[in-house]
Number of protein chains: 2
Amino acid sequence: MSTHYKGSIREQDVLNTWIKLTRAHDSVGRVLKTNLDSSRITMTQFGVLEILEHLGPQTLKIIGEKILLTSSNLVTVVDNLERDGYVVRTQNPQDRRSIIVSLTGEGKLAIKPIFESHLQELMIAFECLSSDELQILGDLCKKLGHNQNIKEKK
Amino acid sequence: MSTHYKGSIREQDVLNTWIKLTRAHDSVGRVLKTNLDSSRITMTQFGVLEILEHLGPQTLKIIGEKILLTSSNLVTVVDNLERDGYVVRTQNPQDRRSIIVSLTGEGKLAIKPIFESHLQELMIAFECLSSDELQILGDLCKKLGHNQNIKEKK
DNA sequence: ATCGTTTTATTTGATATTTAATTAATGCTA
DNA sequence: TAGCATTAATTAAATATCAAATAAAACGAT
């Protein structure tokens, strides 16, 4: 009886924590998305731009791995970014199957204020947490996320 | 100079924590989604079923508030659940505009093993966290999520 | 009581995402 | 080096989601 009782409490705790984690992620995400809407850019597009800004030109394959997107979805996202003049596709001289995506000069200029505004929103979203709390939250999330990746490799 | 420096560190910390939170949420979510795939059910459908299981029959309006979905999307989700025999729509006698969604007997039976398997996956996903860590993570997420909702009301 | 406003659900049209199949290039091996 | 399996990107078709417009019912003020 004791075992079942403990298990049930653990289940409750896990479920509650998962719900709170999801709510937190969703509500911060919603704030960020709303902010991006005014720039006529989607969260997924933003993610791709962020990778290019931080890591420089990358192949579609690498971008897909970083952003955890299916390749076909990535194609349309990059299509749209290219249509809007933010990025450009070029051939990879090392491997002719592979496509390198890079930011255009125009793109870099256009996204700078978007990044800044995005970061500002994020700062406001997290203002309720002290730096200690921020650290702890980050550590626990890292541990949790890492646990899933380990299992995937099994 | 000191002010800018501190701000920059805070920005780094917020950004890193947000990324870790997102990764954790995504990777656990992916595990859960993979698990649901075998039942031919989507995460959104699962969310609706869960609400009905826990709270009993509810109006579309209430379900939409709980699950944070646009009303138009909710209509198609419930359409599909109804098509598959899990739920049924009935008129609300109190308000003829309103539609009440409830689980069918067949639906209750069908989803029971799905819920159990989902909970099991969740237990495994969180097994890396002690009950103290679980509590702390939940509290911090709650604080974070709550901070966004407050601002929305402004 | 009636008109205007609000609420609830739905429809419609546009985007986003996923899955599966396709094309082209590379690497391996025998 | 010829054939086969693998990889990278794309396309096509199905599904999911969102935003805006619509329809029907309820509410509220005068």
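Chain identifiers are assigned alphabetically (A, B, ...) following the order of the sequence lines, protein sequences preceding nucleic acid strands; residue numbering begins at 1 within each chain. Quantities reported herein were computed from a predicted structural model and do not represent experimental measurements.
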In sequence, state the C-alpha distance, the side-chain angles, and the governing distance for B/Leu129 and A/Val14, and then conclude on side-chain contact (heavy atoms from CB on, under 4.5 Å). CA-CA 9 Å; B/Leu129 300 185; A/Val14 164; over 6 Å; no

Map B/Asn73 and A/Asp79 onto DNA chain D by nearest heavy atom, then report which one ends up closer to the 5' terminus. A/Asp79

Could you tell me the separation between the CZ atom of A/Arg40 and the P atom of C/dT15, rounded to a whole number of Å? 9 Å

How long is the line joining CG of A/Leu81 and P of C/dA16, in whole Å? 10 Å

Using a strict 4.0 Å threshold on nitrogen-to-oxygen distance, state whether A/Asp37 and A/Lys33 make a salt bridge. yes

Please list, by residue number, the residues of residues 88-102 of chain A whose heavy atoms come closer than 4.0 Å to an atom of DNA chain D; answer none if no residue qualifies. A/Arg89, A/Arg97, A/Ser98, A/Ile99

Do the side chains of B/Asp79 and B/Arg89 get close enough for a salt bridge, i.e. N-O under 4.0 angstrom? yes

With heavy atoms under 4.0 Å as the rule, sort B/Thr59 into base, sugar-phosphate or nothing. sugar-phosphate

Please work out which of the three classes, parallel, tilted or perpendicular, describes the rings of B/Phe115 and B/Phe46, given edges at 30° and 60°. perpendicular

Mind jotting down which residue pairs meet the side-chain hydrogen bond (donor to acceptor under 3.5 Å, both in side chains) criterion with at least one end in residues 56-75 of chain A? Sequence neighbours excluded, please. A/Lys61-A/Glu65

Output yes when B/Asp139 and B/Lys143 qualify as a salt bridge under the 4.0 Å nitrogen-oxygen rule, no when they do not. no

Neighbour count >12 (heavy atoms, 6.0 Å) for atom CZ, A/Arg83: yes

I want to confirm an ordering. Mapping A/Lys33 and A/Ser71 to their closest nucleotides on DNA chain D, which one lands closer to the 5' end? A/Ser71

Please work out whether the ring planes of A/His25 and B/His25 are parallel, tilted or perpendicular, with thresholds of 30° and 60°. parallel

Want to settle it: does B/Val75 or A/Asn80 sit nearer the 5' end of DNA chain C, counting the closest nucleotide to each? B/Val75

What integer distance in Å separates A/Met43:CE from C/dA16:P? 14 Å

Note, A/Leu52 side chain near A/Ile63 side chain (heavy atom, < 4.5 Å): yes

Rounded distance (Å) that lies between atom C1' of C/dT8 and atom CG of B/Leu74: 11 Å

Between which nucleotides of DNA chain D, read 5' to 3', does contact with chain B run, using atoms under 4.0 Å from its heavy atoms? D/dA16 to D/dA26

